[in-house]
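Per chain, numbering begins at 1; letters A, B, ... match sequence-line order.
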Amino acid sequence: MRIAIASGKGGTGKTTVAVSLALSVATREKVSLLDCDVEEPNAALFLHEQIGSADKHGFNPNADTAQVFVKVPKVDNDKCTKCGRCSSVCEFNAIALTKTGPMIFPELCHSCGGCALFCPTQAITEADRAVGKIHRFVHENLTFIEGLLNVGEAMSTPVICKVKKMVATDGLVIVDCPPGTACPMVAAVRDVDFAILVTEPTPFGLHDLTLAVETVRELSVPFGVIVNRADDAELCVREYCQKEKIPLLLEIPDSRAVAEGYSRGVPILASMPELAGAYEKMLVQIGVLAQAACCGGNQ
Amino acid sequence: MKIAVTSDGETPDSAVDRRFGRAAVFQLFDTETGEYTVHPNTQNLNAAQGAGIQAAQTVVGLGAEVVITGHCGPKAFRVLQASEVGIVLNAEGSVKELVEKFQAGELTFAESADVEGHWV
């Protein structure tokens, strides 16, 4: 079972939920937590007890580390006839034909391989370009995998896809997604069995929640909502979920103790131990919802 | 010699378009014939990324040796430079006025891009 923790709006509590859910499951069984918010992964900040102290790059130096590469074109000028075919087939404007030959802009390349495929003189080969790193750390039942996009890179999806590929298939997999509803979020949410959309009970939170709902519906991923920092005076999200028949999985009450703990890197479970039981019930509900969606899809 | 001027219209009296990559059209003036031709930039107006790069390639493909425009980013600048195209930036006024000023030697070539590269 793979569960994505997503949201439209940033800062609603995706990582808070993802980390605490993973830790609560890890007390009973194997679980993998994937930090797919690769532009600024921060789940590790709340796992120092499990993964040890971080080095200056923010991660335990004992973790397994792997580079993430993408393919980019490389031109052999001796074979190139400057015909411009590579540039004309490039959908991403990553190749310009100049008087001196094709000029390549690797940061715009989407690694489709079209230029190499269509080059009539086989002057283009594909070379590896490092765009990010993966850290992997195992502690008892918890496997934690974090993707980290290199500074200055614009495309995070290759790193996100690599993080998702590195996970073992057994046990629950929890994917902490990047915010928003653009390509990185889609890459993280795609192919999961269920998505939890975390929101805050404000008009802004609701607005971005509706965008996230539209996106996961388009991806045909079954989903439910967690309201974080819930407040009985702010009912807009609850009303929206009722109207749209979206399962409201859980409401995490607004709590100063949680905020104080968070500011010291203390996972929410320590400040709000009753969440563990609520999560257990929620996972049962998610199992039922995912199963129903799966069977419905087969009919 | 051919001179390309970014423009928001299709006549020599139209104003220069201050954008390079997403200019409405390129007007090409041929100093030998004294004629203007209009080349639309529709494809790049809708490009998700790399509009400047493609615009530069278009201009190079048209055989222009000089580009007159408002602003130009680093990637387009590199493409134009590699093809030995002279680049005049911060241009203001009509296409015709600018071509005349250039021919009178009143415009100077930029040595570097004047705006940062940007994403979508």
Side-chain angles (χ1 to χ4, degrees), chain A residues 38-40 70 72-73 75 77 80-112 114-115 118-119 124 129 131-132 149-159 178-187, chain B residues 1-4 6 19-23 26 28 39-67 69 71-87 109-113 115-120:
Chain A
V38 302
E39 286 175 74
E40 38 191 4
V70 295
V72 291
V75 181
N77 284 319
C80 177
T81 60
K82 299 180 194 171
C83 71
R85 192 75 202 272
C86 53
S87 166
S88 67
V89 300
C90 182
E91 189 65 19
F92 306 101
N93 293 338
I95 307 178
L97 185 65
T98 70
K99 275 187 187 167
T100 51
M103 182 181 276
I104 291 167
F105 294 86
E107 66 275 30
L108 299 185
C109 175
H110 281 54
S111 310
C112 73
C115 50
F118 283 95
C119 176
I124 295 183
R129 187 171 80 92
V131 293
L149 186 70
N150 287 349
V151 171
E153 292 297 334
M155 276 181 287
S156 58
T157 47
V159 181
T181 51
C183 296
M185 181 267 200
V186 171
Chain B
M1 184 174 72
K2 288 173 183 167
I3 303 167
T6 56
R19 303 161 304 172
F20 176 67
R22 295 184 197 273
F26 299 107
L28 197 69
H39 305 269
N41 190 34
T42 325
Q43 189 193 337
N44 284 329
L45 283 175
N46 299 319
Q49 62 173 25
I53 294 168
Q54 283 308 304
Q57 184 176 260
T58 302
V59 165
V60 170
L62 291 171
E65 287 171 54
V66 173
V67 167
T69 187
H71 301 292
C72 179
K75 297 191 192 80
F77 203 91
R78 270 178 60 201
V79 175
L80 293 171
Q81 236 177 3
S83 298
E84 294 162 343
V85 177
I87 307 151
F109 291 137
E111 284 174 12
S112 64
V115 288
E116 293 282 314
H118 42 238
W119 303 101
V120 181

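Applying the ring-ring contact (aromatic ring centres under 6.0 Å, His included) rule to pairs touching residues 88-109 of chain A yields A:F92-A:H110, sequence neighbours excluded.
The two residues A:S87 and B:Q54 come nearest to each other via the heavy atoms OG-NE2, 4.0 Å. In plain terms, the two heavy atoms of B:V79 and A:A96 that are nearest each other are CG2-CB, 3.7 Å. The shortest heavy-atom contact between B:A47 and A:N93 is CB-ND2, 3.6 Å.
Contact tally against chain A (heavy-atom pairs below 4.5 Å) for B:L80, B:V85, B:V60, B:I53: the top residue is B:I53. Comparing A:I95, A:L97, A:T100 by how many heavy-atom pairs each has under 4.5 Å with chain B, the most go to A:L97.
For B:R78, there are no salt bridge (Lys or Arg N to Asp or Glu O under 4.0 Å) partners at least two apart in sequence or on another chain.
One distance of note links CD of A:E91 with CD of B:Q49; it measures 10.0 Å at 0.5 Å rounding. For the atom pair CE (A:M103) and NZ (B:K75), the distance works out to 12.5 Å, reported to the nearest 0.5 Å. To the nearest 0.5 Å, atom CD of residue B:Q81 and atom OG1 of residue A:T98 are 11.5 Å apart.
Interface residue B:A51: only backbone heavy atoms are found under 4.5 Å from chain A.
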